[in-house]
There are 2 protein chains.
Amino acid sequence: MAERRTRADAVSNRARIVQVARELLTSTSELPMNAVAKAAGVGQGTLYRNFPTREALLAEVYKADVDVLVASAPDLLAQHDAAAAFRLWLDNVADYARVKRGVLAALEGGELAAGHHDPIAGAIDRLLAAGRDEGTLRADVGAQDVLLLLGFLSRPEAAERAHHVLDLIFNGLRVR
Amino acid sequence: MAERRTRADAVSNRARIVQVARELLTSTSELPMNAVAKAAGVGQGTLYRNFPTREALLAEVYKADVDVLVASAPDLLAQHDAAAAFRLWLDNVADYARVKRGVLAALEGGELAAGHHDPIAGAIDRLLAAGRDEGTLRADVGAQDVLLLLGFLSRPEAAERAHHVLDLIFNGLRVR
DNA sequence: CGCCGATCCGGACACGTGTCCACTTTTCTC
DNA sequence: GAGAAAAGTGGACACGTGTCCGGATCGGCG
């Protein structure tokens, strides 16, 4: 029995990778995986074992930001009716997206896998449920749908039209 | 003056590339550029000069399909009111997207460049304009917005929810 | 017909991604 | 503390993308 604990060097390696990635992202928005590996002083194998995809790494780097975003949902719900809260939350997402494309990439890697269940999806679910109870948002909408619609934010040309398109999306989610 | 005409071999090469690409796509949905080059018996340079991006190549391959899609817009408008026509057209897009992801990729490469002006955008503009005149579709929507929203179709997990999400989008574009 | 220069060819390169596995290091056990 | 097994390492590889440029090739012209 007695599960072996994870090796000390493994932990520090993982931490150093995230650290290095964060630093690299301050200078450019590029994030070559092999550069991360080299800068962190680890091999490609180590990097990819810790973070199978670039998204996984970005998710870790921007975890804090994502957490703020997720946490803002209940706050908004406390201060506004569900529809307004939802609308405001969408704007928050857009703002984050504009500053750091990475946040977007992170949430796009959305875990469809079992157990893990994406916190962003959770936040959206909350907002949708509130709107549903309130009778202002369509009942046939799931977080998955919203995530799909929000995907446009990752396109580079979306920046300017973002808020307008969000308007259209929001309009479509309201009950008629 | 007297513009030199394009060399005969250049023309045949271009044609052969498209031909080969089409054949490769019948077996798999993958389309490695270097494989195309090799199969067509040309160098990478030649391939990339003719089609700078994979999307450009796909656009050429699926040109016929896209043309059908574009041509269907006026037909639908002739037989239905603008809102219905638009809704039906969106379904057409989704159907094409499901069968051939390539069509999607093709239209996503949407020429923002001058002069060329994307035929798909043209079709959308027509539909939108009709809806605007009719008073059933929002006046503040551009083809660009619709294209952005339609982007979700290229995500692999969109397949099942596609029609539902299109419903939401359509709902958002209607006047309230 | 044959030359000349514009045009086009095509493969070598530089680079990034992601996988694989022989080897090293760490932890546990005694 | 010593030994062994497990856990982790890291760099070589295979592959795909896209660029670049020396040289072959074609079309125009005398």
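Below, each value reflects all heavy atoms present in this structure, side chains not excepted, and no hydrogens, waters or symmetry copies. Everything quoted here is computed from the prediction, not taken from an experiment. Per chain, numbering begins at 1; letters A, B, ... match sequence-line order.
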> Please answer whether the main-chain N or O of Val61(A) pairs with a side-chain N or O of Arg22(A) as donor and acceptor at a distance below 3.5 Å.
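Yes.
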> Could you tell me if the side chain of Gln144(B) sits less than 4.5 Å from the side chain of Arg161(A), heavy atoms only?
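Yes, close enough: below the 4.5 Å cut-off.
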> Taking only the side-chain nitrogens and oxygens of Asn13(B), find out if one of them lies under 4.0 Å from OP1 or OP2 of dC8(C).
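Checking dC8(C) against Asn13(B), no side-chain N or O comes under 4.0 Å of OP1 or OP2.
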> Just N and O in the side chain of Thr46(A): are any of them under 4.0 Å from OP1 or OP2 of dG10(D)?
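Yes, such a contact exists.
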> With sugar-phosphate meaning primed atoms plus P, OP1 and OP2, does Ala35(B) contact a base, only sugar-phosphate, or nothing at under 4.0 Å between heavy atoms?
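The residue Ala35(B) makes no contact with any strand.
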> Considering just the side-chain nitrogens and oxygens of Arg49(A), establish if one lies under 4.0 Å of OP1 or OP2 belonging to dT9(D).
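True: Arg49(A) side-chain N/O within range (under 4.0 Å) of dT9(D) OP1/OP2.
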> Would you check if the side chain of Asp145(A) reaches a backbone N or O of Gly142(A) as a donor-acceptor pair within less than 3.5 Å?
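The answer is yes, because a donor-acceptor pair under 3.5 Å joins these two groups.
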> Mind checking Asn34(A) for me? I need base, sugar-phosphate or nothing, with any heavy atom below 4.0 Å counting as a touch.
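Base contact.
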> Identify which one of Arg138(A), Glu134(A), Arg132(A) satisfies the side-chain hydrogen bond (donor to acceptor under 3.5 Å, both in side chains) criterion when paired with Thr136(A).
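Between Thr136(A) and the candidates, side-chain hydrogen bond (donor to acceptor under 3.5 Å, both in side chains) is satisfied uniquely by Glu134(A).
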> Could you tell me the separation between the CG atom of Leu24(B) and the P atom of dG16(D), rounded to a whole number of Å?
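Roughly 12 Å, once rounded to whole Å.
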> Classify the side chain of Arg7(B) and the base of dT7(C) as holding, or not holding, a donor-acceptor pair under 3.5 Å.
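Between dT7(C) and Arg7(B), which were checked side chain against base, a qualifying N/O pair under 3.5 Å is present.
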> Do any N or O atoms from the side chain of Asp167(B) and from the backbone of His163(B) form a donor-acceptor pair under 3.5 angstrom?
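No; zero donor-acceptor contacts below 3.5 Å.
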> Whether Arg54(B) contacts dT17(D) is assessed here as follows: a side-chain N or O lying under 4.0 Å from the phosphate OP1 or OP2. Is that the case?
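Answer yes for this pair, as a side-chain N or O of Arg54(B) is under 4.0 Å from OP1 or OP2.
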> Counting only side-chain heavy atoms from C-beta out, which of dT9(D), dA24(D), dA7(D) sits nearest to Ala10(A)?
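Among the listed nucleotides, the one closest to the side chain of Ala10(A) is dT9(D).
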> Rounded to whole Å, please give me the gap between CG in Leu31(A) and P in dG16(C).
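Between P of dG16(C) and CG of Leu31(A): 12 Å.
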> Quick one: Phe51(B) CZ to dT17(D) C1', roughly how many Å, whole number?
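Nearest whole value for this atom pair: 17 Å.
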> Tell me which of Asp9(A) and Gly45(B) sits closer to the 5' end of DNA chain D, going by the nucleotide each one is nearest to.
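On the 5' side of the pair lies Asp9(A).
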> Does Gln44(A) make a side-chain donor-acceptor contact with the base of dG10(D), cut-off 3.5 Å?
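Checked by distance alone, the answer is no.
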> Between Gly43(B) and Met33(A), which has a closest nucleotide on DNA chain C that is more 5'?
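Of the two residues, Gly43(B) wins.
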